[in-house]
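To keep things clear, I will list the structure first and then write my remarks on it.
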Amino acid sequence: MMLALFKNLSLRTITVIFLVWTLAALSMTTQIYLNTRLSGAASNWFEVFFKQLPAWYLCAILTPFILYTYKQYPLHHAINGKHYFARHLFIAVCILAIFSNLRLWCMSYAIGRLAWQFTPQMYLHAYFAQVLWDTVVYSLILLAIYALNVTKANKTNLIYAQQTLLDNAELENLLKEAKLETLKLQLSPHFLFNTLNTINSLVRMNDQNAAIKITSKLGDFLRSTLYTENATFVYLAQELEDISIYADIETLRFKGRLNIIKEIDERSLRIEVPHFILQPLLENAIKHGVGKKIDAGFILIRTAVHDNLLKISIYNDGELLSTNKNGQGIGLKNVRSRLTYIYGERSSFSIMNVDNKGVEVNICIAIN
């Protein structure tokens, strides 16, 4: 079965799969090595790496299974996507029940405490933590495959449109929508990697309750991503609800150090905005706000409608904006690009220091 799955993959695909998981092993090895050295204990980088490698190569072996499952039940399928999600969930539970056991034995070898030496209670506790971690790994692989398939489908549609449509205006619109979809797809893996790091930290700190809550929130995010990402626009009310998932995850992570305040103009809630336009702004505010402070911090989200303009601002009381970092991150660049493609001169985007106390991002959109 396993050989058949790998046989159906190209050499390039197999190489990429093992390269990605080798890089993951390198990253984890370096992190463990540095932590060990900082604690004053002796450590050999190569020894740590070769002990980590089996656990991560199990993920490389898991990847073709998920690729095969996705090929049978493609989630980006317009008609059957929602029905296929339940099948993926069932298959994931069955696979992880076995896979997490194998990973637990490999990880126990990596840390020098073999699983067969655990008491039954210790084994169940370690197995539960491993299932949480592997659920995120499985979700990450599935979302990456979904994003690749959607991008491939978009490219196929564009080629077909170029060959069959004679109306230049209609062709221009299709190209524009494909560009916006590509920009939007950059955000899902970006968000997922950040959430993965958060869950990783909580599992390492043995905070199982917080890890469970964040995993549940991550499930909400995946459902939102898989079944609403084709919508170019959503009501601002929906956009605010969507970013509350990210806000909840980060609030759990910072444990009382993060306070998010909302001042929302009721008239703005029924105005359509580009989907996923606010999440990178909130992420940026948290990263450069409370993320760089020792004490507690706050973020203020405000919306207003004035003179046929929708105004959205996100303020954080963290580190001030330096002159050489004027909003150059992938998230802020993404927002700028999408606003330009959709609205042109009918929108504006700015980021600035406010009274030397914090940083504020402002979006202004003309209302049709």
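The CZ atom of Phe349 sits 8.5 Å away from atom CD1 of Ile277, with the distance rounded to the nearest 0.5 Å. With values rounded to the nearest 0.5 angstrom, Tyr315 atom OH is found 9.0 Å from Leu300 atom CG. To the nearest 0.5 Å, atom NZ of residue Lys71 and atom CG of residue Leu67 are 10.0 Å apart. Separating the CG atom in Leu62 from the CZ atom in Phe65 is a distance of 8.0 Å, to the nearest 0.5 Å. Separation of atoms OG (Ser27) and CD1 (Ile32) is listed at 9.5 Å; rounding is to 0.5 Å. For the atom pair Lys51 NZ and Cys106 SG, the distance stands at 13.0 Å (nearest 0.5 Å).
For Lys213, the NZ atom is loosely surrounded, since the number of other residues' heavy atoms within 6.0 Å does not exceed 12. The environment of Lys262 atom NZ is dense: over 12 non-hydrogen atoms of other residues, nucleotides or ligands sit within 6.0 angstrom. Other residues, nucleotides and ligands place more than 12 heavy atoms under 6.0 Å from the CD atom of Gln72. Taking a 6.0 Å sphere around CG of Asp295, one finds it holds more than 12 heavy atoms contributed by other residues, nucleotides or ligands.
With respect to Glu319, the side-chain hydrogen bond (donor to acceptor under 3.5 Å, both in side chains) criterion is satisfied by exactly one of Lys293, Lys292, Lys287: Lys292. When each of Glu239, Glu272, Gln238, His275 is paired with Phe233, the side-chain contact (heavy atoms from CB on, under 4.5 Å) condition holds for Glu272 and for no other.
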Legend entry - Criterion side-chain contact (heavy atoms from CB on, under 4.5 Å) on Tyr84 and Arg87, from CA distance to verdict: CA-CA 5 Å; Tyr84 288 163; Arg87 298 184 184 183; 4.0 Å; yes
Legend entry - Verdict with reasoning, Ile363 to Val273, per side-chain contact (heavy atoms from CB on, under 4.5 Å): CA-CA 11 Å; Ile363 291 177; Val273 296; over 6 Å; no
Inset, instruction - I would like to know whether Phe128 and Leu104 meet side-chain contact (heavy atoms from CB on, under 4.5 Å); could you show each step before the answer? - result: CA-CA 10 Å; Phe128 180 70; Leu104 176 58; over 6 Å; no
Inset, instruction - Begin with the C-alpha distance, continue with both residues' side-chain angles, and end with the deciding distance and a verdict on side-chain contact (heavy atoms from CB on, under 4.5 Å) for Tyr123 and Asn101. - result: CA-CA 10 Å; Tyr123 190 91; Asn101 262 306; 2.5 Å; yes
Legend entry - Full working for side-chain hydrogen bond (donor to acceptor under 3.5 Å, both in side chains) between Ser268 and Thr303: CA-CA 7 Å; Ser268 68; Thr303 70; 2.9 Å; yes
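The two residues Asn362 and Met352 come nearest to each other via the heavy atoms ND2-CE, 4.1 Å. Shortest non-hydrogen contact noted between Gln130 and Ser100 is CG-O, 3.5 Å. Of all heavy-atom pairs spanning Phe49 and Leu26, the tightest one is CE1-CD2, 3.5 Å. Here the closest non-hydrogen pair linking Cys59 and Ile141 is O-CD1, 4.4 Å. Of all heavy-atom pairs between Leu339 and Ser348, the closest is CD1-O, 4.4 Å. Taking every heavy atom of both residues into account, Ala60 and Trp21 meet most closely at CA-CD1, 3.4 Å.
Both Tyr33 and Phe50 are part of a single hydrophobic cluster, where members link through side-chain heavy atoms under 4.5 Å apart. Linking ILVMFWY residues whenever their side-chain heavy atoms come closer than 4.5 Å, directly or via other members, places Trp56 and Ile66 in the same cluster. In the hydrophobic clustering of this structure, Met28 does not group with Leu132; members are Ile, Leu, Val, Met, Phe, Trp, Tyr whose side-chain heavy atoms approach within less than 4.5 Å, directly or through other members. Cluster annotation: Leu75 and Val93 are assigned to distinct hydrophobic clusters (Ile/Leu/Val/Met/Phe/Trp/Tyr, side-chain heavy-atom contacts under 4.5 Å, transitive). When hydrophobic clusters are built by joining Ile, Leu, Val, Met, Phe, Trp and Tyr residues whose side-chain heavy atoms come closer than 4.5 Å, directly or via intermediates, Val20 is not grouped with Ile14.
Using a 4.5 Å cut-off on side-chain heavy atoms (C-beta onward), Phe46 and Thr29 make no contact. Counting heavy atoms from C-beta outward, Tyr57 and Ile61 have side chains that stay 4.5 Å or more apart. Side-chain contact between Ile286 and Asn316 is absent, with no heavy atoms from C-beta onward closer than 4.5 Å. In this structure, the side chains of Ile365 and Ile271 stay at 4.5 Å or more apart for every pair of heavy atoms. Taking the side chain as every heavy atom from C-beta outward, Arg338 and Val335 never approach each other to under 4.5 Å. A heavy-atom distance below 4.5 Å is found between the side chains of Leu281 and Leu278. Contact annotation: the side chain of Leu310 approaches that of Leu236 to within less than 4.5 Å [non-hydrogen atoms, C-beta and beyond]. Two residues are said to be in side-chain contact when any heavy atoms from C-beta on lie closer than 4.5 Å; Ile342 and Ser347 fail this criterion.
Between His306 and Asp265, the side chains place no donor N or O within less than 3.5 Å of an acceptor N or O (distance only, hydrogens not considered).
Between the side chain of Asn284 and the backbone N or O of Pro280, no donor-acceptor pair lies under 3.5 Å. Of the possible donor and acceptor atoms, one in the side chain of Tyr127 sits under 3.5 Å from a partner among the backbone N and O of Ala97. Asp317 contributes a side-chain N or O that, together with a main-chain N or O of Phe298, makes up a donor-acceptor pair within less than 3.5 Å.
A perpendicular orientation is assigned to the rings of Tyr73 and His88, their planes being inclined by more than 60° (bins at 30° and 60°).
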